[in-house]
Amino acid sequence: MQVHSKRRAAGLLDRLAARELPDAAGLEAWDAFLRAHATLMRRLELDLAQATGLALADFDVLAQLARAGGELRMTDLATRALVSRSGMTRRVARLVEEGLVQRANADSDGRGVVVALTDIGLARLAETAPVHLRGISELFVARLDTEELAALENALNKVTAECTFG
């Protein structure tokens, strides 16, 4: 790469950001949010997998089902669990094979699919949740005071996009 191209590339993002985001603090906050999310999720995933053998995304499916009283329509589960619909279909199929969840046709119309926790899935959730919750406590909650947690929740609720993951 030519030296001239390197200099142009080095300042390109800064110039574009200055034009689109006049307040540099906005981009710095965004970068901090992305770094925090990525590092926390990697660490929580690794800690859960090492301690329990369960993937964080599988834990999330079990937790979402438990929060909903034990079962959800597949479309609702995909919306809540932040996994693409095709990814959710494969994940649920694997969890069915492991005996952690079961699938059934929805009673109301017979067209939808309902995913439900099994007793084995509920036991697996009870076994793994303390590991995950300790990680959240140590890596996130304990590092912020009550006011910071409330401000962060309020701020993130303001920017949470209403969307589903296709």
Side-chain angles (χ1 to χ4, degrees), residues 6 9-14 16-17 20-21 23-68 70-72 74-101 103 115-118 120-166:
K6 287 182 182 178
L12 178 62
L13 186 56
D14 290 337
L16 293 171
E20 298 298 326
L21 297 165
D23 182 2
L27 187 56
E28 290 170 9
W30 176 251
D31 285 343
F33 167 74
L34 289 178
R35 279 191 311 279
H37 178 268
T39 57
L40 287 169
M41 295 307 290
R42 282 193 298 257
R43 178 72 185 273
L44 290 168
E45 171 77 36
L46 181 64
D47 290 352
L48 187 67
Q50 286 179 341
T52 70
L54 188 68
L56 185 56
D58 291 345
F59 173 86
D60 187 38
V61 169
L62 300 179
Q64 294 302 331
L65 290 170
R67 284 184 177 143
E71 68 180 38
L72 282 168
M74 180 71 99
T75 54
D76 295 331
L77 179 58
T79 299
R80 289 180 185 211
L82 305 179
V83 174
S84 70
R85 289 185 195 278
S86 62
M88 182 59 71
T89 300
R90 289 188 302 273
R91 184 164 304 282
V92 166
R94 197 170 31 72
L95 292 173
V96 167
E97 287 177 18
E98 294 175 19
L100 301 176
V101 301
R103 295 167 64 142
V115 179
L117 274 172
T118 63
I120 296 168
L122 196 56
R124 188 77 164 116
L125 179 63
E127 167 197 339
T128 57
V131 172
H132 182 61
L133 295 171
R134 272 193 302 275
I136 292 169
S137 178
E138 293 168 8
L139 298 170
F140 182 74
V141 176
R143 297 178 186 208
L144 302 169
D145 64 31
T146 304
E147 292 82 26
E148 289 170 324
L149 288 168
L152 182 59
E153 180 183 5
N154 184 47
L156 292 175
N157 282 337
K158 287 181 180 180
V159 298
T160 299
E162 291 295 325
C163 64
T164 59
F165 295 86

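Please read all numbers here as calculations on a predicted model, not as lab measurements.
Between the side chain of Asp60 and the backbone N or O of Leu56, no donor-acceptor pair lies under 3.5 Å. With Glu153 contributing its side chain and Ala150 its backbone, the two residues share no donor-acceptor pair below 3.5 Å. Thr39 places a side-chain N or O within donor-acceptor distance of the main-chain N or O of Ala36, the cut-off being under 3.5 Å. Of the possible polar contacts, none joining the Ser137 side chain to the Leu133 backbone as a donor-acceptor pair under 3.5 Å is found.
The minimum heavy-atom distance between Pro130 and Ala126, with the atom names listed, is CD-O, 3.2 Å. Closest heavy-atom contact between Ala116 and Leu65: C-CD1, 4.4 Å. Across all non-hydrogen atoms, the minimal contact from Arg124 to Gly53 is NH2-C, 3.7 Å. Between Ala55 and Glu45, the shortest heavy-atom distance links the atoms CA-OE2, 3.6 Å. Residue Ala78 comes nearest to Met88 through the heavy atom pair CA-CE, 4.0 Å, listed as atom of the first residue, atom of the second, then distance. Here the shortest heavy-atom pairing between Val131 and Ala51 reads CG1-CB, 3.8 Å.
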Checklist entry - Step by step, would you call Asp76 with Gln64 a side chain to side chain contact (heavy atoms under 4.5 Å, CB included)? => result CA-CA 10 Å; Asp76 295 331; Gln64 294 302 331; over 6 Å; no

Item to check | Intermediate values then yes/no, side chain to side chain contact (heavy atoms under 4.5 Å, CB included), Phe59 and Leu44 | outcome: CA-CA 11 Å; Phe59 173 86; Leu44 290 168; over 6 Å; no

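Of the inter-residue distances, the one linking Leu117 atom CG with Leu100 atom CG reads 8.5 Å to the nearest 0.5 angstrom. With rounding to the nearest 0.5 Å, the separation of CG in Asp58 from CD in Glu98 is 6.5 Å. Distance check: Leu72 CG to Arg67 CZ gives 11.5 Å after rounding to the nearest 0.5 Å. One distance of note links CH2 of Trp30 with CG of Leu34; it measures 4.5 Å at 0.5 Å rounding. Here the CG-CZ distance, from Leu95 to Arg103, works out to 10.5 Å after rounding to the nearest 0.5 Å. Rounded to the nearest 0.5 Å, atoms CZ (Arg134) and CD (Glu138) are 7.5 Å apart.
More than 12 heavy atoms of other shown residues, nucleotides or ligands fall within 6.0 angstrom of atom CZ in Arg94.
Between Arg43 and Asp47, at least one side-chain N (NZ, or NE/NH1/NH2) sits under 4.0 Å from a carboxylate O, which counts as a salt bridge.
Between Leu54 and Leu62 the shortest side-chain heavy-atom distance falls below 4.5 Å. His132 places none of its side-chain heavy atoms less than 4.5 Å from the side chain of Thr128.
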